[in-house]
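The model shown is predicted, which means the values in this text are computed figures rather than measured ones. Counting starts at 1 for both ligands and their atoms, following the listed order.
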Amino acid sequence: MIGILALQGAFEEHEKMLRALGCQTVLIRKKSDIPPCLTGLVLVGGESTTQRKLLRELDLLDILKERIESGVPVLATCAGLILLAKEISGGEQTCFDFLPVRVCRNAYGRQLGSFSAVGDIGSIKNFPMRFIRAPYIECTLADDEDTEVLNITGGRITAVRYKNILAMSFHPELTEDTRIHNLFVDMTKNIR
Ligand code: GLN
């Protein structure tokens, strides 16, 4: 059962895509929504500050952090990437504090806030990337050789894989291309 954090943001699109791929999904809005047999977790795009506040208020932060640390595969897009990062440029408060990268929020400025590009995401060739007020990854943090950079666009890191995490600053759920979700689904099948 794949859980999709559904406090705010683009959760419906992920749900639709994963269901089309034959996955069982559950929207997570409160503690009791989290199934014991959680095989994957999606952290969706939206507004990371709002999501972080709600995670704390609803007492979901620690329980989800535990699952992430225990190796449950995570697909994180845009705001989800910010929630996972160990560092946020400007010293802003972190949330799950797990992914060894420094992210820069709203990094492309106002005019370039939303744009599209096509690029390779690791071995996935020519993937259509949609950026919406996107962050980028300023750097991966030192002495963590487990972080694999999957894409660089315009000189900026936009996608990484780290242990059980697949994280990107763009929105694969807003395209018709299911290859990133397929990769994530494969990760959820290989865990146990
Ligand atoms: N700008 C948002 C934030 O900082 C992220 C944008 C998105 O998820 N599309 O949280």
Proximity of Thr77 to ligand 1 by residue part, where a heavy atom lies under 4.0 Å: neither
Backbone or side-chain N or O of Ala134 under 3.5 Å from ligand 1 N or O: no
Under 3.5 Å: N/O of Gly45 near N/O of ligand 1: no
Pairwise side-chain contact, Leu18 with Glu173, heavy-atom cut-off 4.5 Å (strictly under): no
Of the listed options Gln51, Arg105, Arg52, Arg133, closest to atom 3 (C) of ligand 1 (non-hydrogen atoms): Arg105
N-O pairing of Glu148 and Arg161 below 4.0 Å: no
Asp186 side chain to Thr188 side chain, donor-acceptor N/O pair below 3.5 angstrom: no
Atom 7 (C) of ligand 1 [closest protein heavy-atom partner, distance rounded to 0.1 Å]: Cys78 SG, 2.7 Å
Polar contact flag for Thr49 and ligand 1 (N/O pairs, less than 3.5 Å): no
Presence of salt bridge, Arg105 and Glu47, under 4.0 angstrom: yes
Side-chain donor-acceptor pair present, Thr77, His14, cut-off under 3.5 Å: yes
Nearest protein heavy atom with distance in Å, relative to atom 1 (N) of ligand 1: Asn106 OD1, 2.5 Å
Under-4.0 Å salt bridge between Lys65 and Asp62: no
Contact (N/O only, under 3.5 Å) between Gly46 and ligand 1: yes
Per-atom contacts, ligand 1 versus Ile82 - under 4.0 Å to a heavy atom: 3 (C), 4 (O), 10 (O)
Salt-bridge criterion met for Glu15 and Arg19 (N-O under 4.0 Å): yes
Ligand 1 atoms in contact with Ser48 (distance to a heavy atom under 4.0 Å): 3 (C), 4 (O), 10 (O)
